[in-house]
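Reading through the structure tokens given below for one structure.
Every value quoted in this text rests on a predicted model; they were computed, and no experiment measured them.
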Amino acid sequence: MTSSENSPLLENGGLSGHRNPSFFHRVINFMKGEDEPSWTESFKFFIFGTWFNILLVFIPLSFISHTLDWDAGLVFLFSFMAIVPLAKLLGEATDQLSVKLGETMSGLLNASFGNAVEIIVGIAALLNGQLRIVQTSMLGSILSNILLVLGCSFLAGGIYHTEGIFNGTGAQASASLMTLSCITLVIPAAYASTTNAGMQNYCGDVDDCPTTGLLFISRGTAILLLGVYCAYLWFQLKSHPKLFVSPTDVPDSEGTAETAATTATEETEPRMGTAAAGIALLSVTVVIAFCAEYLVSSIEETAERYSIPKAFIGVVLLPIVGNAAEHVTSVWMAMKNKYELTITICVGSSIQIACLVVPLLVIVGWIVGQPLTLHFHNFETIVLFVSVFLVNLLIMDGKSNYMEGLMLLTLYLVIALAFWVA
């Protein structure tokens with residue numbers, strides 16, 4: 001083997017081993033996204049990938065209406081409509097980012113950002129002192145998922161399939177956790193209504209100045225619920241994943257069972273680079289934060305001017321903002337006879353709200369000096385309890401049909417009527 005005058009005498013220029021790429025080069029390679037869709041392809045898909053994104057035109061309208069101090073009703077409407085496609089984009093960016101992260105990280109990422117819109121809207125309302133809006137919007141998100149979305153999914157799926165089948169054991173485990181979170185809301189209400197210490201009022205409204213005992217119960221319960229939610233993630237992703245697999249799927253071995261959420265992630269086609277998806281996720285989150293601020297700041301005036309009950313806005317209207325795209329996905333999965341994904345979306349999202357978002361907002365309120373508690377009004381507590389009770393009854397057998405969907409929808413409409421006159 002001949003060598004030229006310019007050839008090094010020793011391989012690698014006399015250096016032993018291979019040079020590790022510098023941090024700068026690793027960053028450059030990550031940003032380039034080798035073997036991934038380019039930045040142009042990524043954002044072309046992200047922005048023009050669905051007709052749903054035509055609603056993005058409401059984003060500049062939301063900013064303009066707020067800046068120019070237009071009618072509060074217009075600010076509310078434009079901000080409301082702007083957050084709907086942004087929630088869809090947030091979910092899309094999360095899915096694309098989770099494609100290469102593996103089972104555990106994908107599960108954690110979806111758990112963290114699955115209800116990011118509700119967290120952002122809740123924090124915006126919290127910082128504005130709208131404690132009742134925070135409570136009613138969280139309650140509405142839970143009811144919307146387990147009654148409206150699950151009901152529509154069972155109804156639509158029942159039209160196409162005589163009977164839907166899902167893993168009743170996993171669904172029942174999830175529903176049991178929902179029951180626990182529901183009970184934790186009953187206890188503060190019972191304390192405030194039946195004990196001498198709880199009934200001490202320091203002002204006209206217990207929501208504005210709750211007792212020390214009520215704050216202690218709520219904040220302690222919030223910390224415990226966050227711990228239970230972390231344990232539930234481990235239960236679902238690691239220790240008992242087979243409970244969340246469709247009974248029609250036969251795993252190769254005990255270690256290869258996949259959760260519905262993991263299956264959905266693996267079926268996601270990589271259409272965006274990892275770096276592009278991460279930047280898109282952060283950008284959308286920032287825009288949602290501004291639109292949520294404009295939305296919340298216009299609620300008070302909109303409710304008074306157009307005679308819309310604030311409870312109705314919180315329980316019925318606001319949940320539509322963050323869950324519209326998710327609702328469509330759930331119904332579509334049921335129509336395709338993938339009920340395991342439908343249960344994961346509906347019941348799983350409700351668990352996130354009850355055991356993650358609500359406790360998190362209580363703790364954030366504690367930090368910023370807002371006395372948010374888990375004390376819901378007695379009527380709201382009863383509504384939540386009967387809703388969770390009905391869902392438990394309907395999913396315990398691991399089967400569904402259109403009649404069960406109709407029952408869930410009927411209860412949701414009755415609740416919506418009640419909050420219109422509340």
Side-chain angles (χ1 to χ4, degrees), residues 72-73 76-77 80-81 83-84 118 121-122 125 130-156 158-159 175 178-179 181-182 185-186 189 193 205 207 295-296 298-324 326-328 330-331 334 345-347 349-350 353-354 358 374-395 400-422:
F76 179 85
L77 177 63
F80 183 93
M81 296 301 296
I83 296 178
V84 172
E118 284 84 353
V121 172
Q130 300 269 15
L131 302 186
R132 286 294 297 148
I133 288 294
V134 176
Q135 288 184 322
T136 54
S137 64
M138 294 302 106
L139 174 66
S141 293
I142 297 173
L143 296 177
S144 175
N145 278 299
I146 63 175
L147 296 181
L148 177 62
V149 188
L150 191 60
C152 287
S153 300
F154 281 178
L155 180 61
I159 294 175
M178 267 303 306
T179 304
S181 62
C182 179
L185 299 183
V186 172
S193 303
D205 191 351
D207 297 317
L295 177 73
V296 170
S298 64
I299 288 178
E300 191 80 36
E301 187 177 346
T302 301
E304 293 179 1
R305 180 170 298 183
Y306 297 97
S307 300
I308 304 175
K310 289 178 67 176
F312 184 83
I313 292 176
V315 173
V316 178
L317 295 183
L318 289 185
I320 297 175
V321 171
N323 297 329
E326 197 174 59
H327 293 183
V328 175
S330 176
V331 173
I345 292 172
C346 298
V347 181
S349 183
S350 298
I353 295 291
V358 174
L374 296 178
H375 174 223
F376 287 71
H377 292 179
N378 292 340
F379 170 67
E380 297 163 356
T381 305
I382 293 172
V383 163
L384 178 61
F385 186 83
V386 297
S387 300
V388 172
F389 178 72
L390 177 61
V391 171
N392 267 294
L393 287 178
L394 295 183
I395 69 175
S400 70
N401 52 62
Y402 74 88
M403 193 63 200
E404 293 182 349
L406 189 60
M407 286 188 279
L408 293 172
L409 284 175
T410 300
L411 178 58
Y412 183 79
L413 293 176
V414 170
I415 292 172
L417 290 175
F419 275 101
W420 178 258
V421 295

Next on the checklist: M178 vs V391, test: side chain to side chain contact (heavy atoms under 4.5 Å, CB included). Steps then yes/no.
Outcome noted: CA-CA 10 Å; M178 267 303 306; V391 171; over 6 Å; no
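With sequence neighbours excluded, the residues satisfying side chain to side chain contact (heavy atoms under 4.5 Å, CB included) with A334 are S153, Y339, T342. Residues meeting the salt bridge (Lys or Arg N to Asp or Glu O under 4.0 Å) test with E300, sequence neighbours left out: K310. N401 pairs by the side chain to side chain contact (heavy atoms under 4.5 Å, CB included) definition with M403, E404, not counting sequence neighbours.
Q135 contributes atom CD, which lies 12.0 Å from atom CD of Q130 (distance to the nearest 0.5 angstrom). Separation of atoms OG1 (T136) and CD1 (I313) is listed at 9.0 Å; rounding is to 0.5 Å. One finds the CZ atom of F154 at 7.5 Å from the CG atom of L394 (value rounded to the nearest 0.5 Å). Once rounded to the nearest 0.5 Å, the distance linking CD1 of I142 with OG of S181 reads 6.0 Å. To the nearest 0.5 Å, atom CG of residue L411 and atom CG of residue L406 are 11.5 Å apart.
Counting only heavy atoms from C-beta outward, the side chains of V315 and L143 approach each other to under 4.5 Å. A heavy-atom distance below 4.5 Å is not found between the side chains of F312 and V421. Using a 4.5 Å heavy-atom threshold, the side chains of I415 and S387 count as touching. Using a 4.5 Å heavy-atom threshold, the side chains of I299 and L318 count as touching.
Annotation for F419: atom CZ counts as buried by contact number, over 12 foreign heavy atoms lying within 6.0 Å. Enclosure of atom OH in Y306 by more than 12 non-hydrogen atoms of other residues, nucleotides or ligands within 6.0 angstrom is indicated.
Residues A72 and R305 approach most closely at N-NH1, 4.4 Å, considering heavy atoms. What you find for L147 and Y412 is that their closest heavy atoms are CB-CB, 3.8 Å. Between I146 and L150 the shortest heavy-atom distance is O-CB, 3.5 Å.
Remark: side-chain polar atoms of E118 are not paired, donor with acceptor, to backbone N or O of P319 under 3.5 angstrom.
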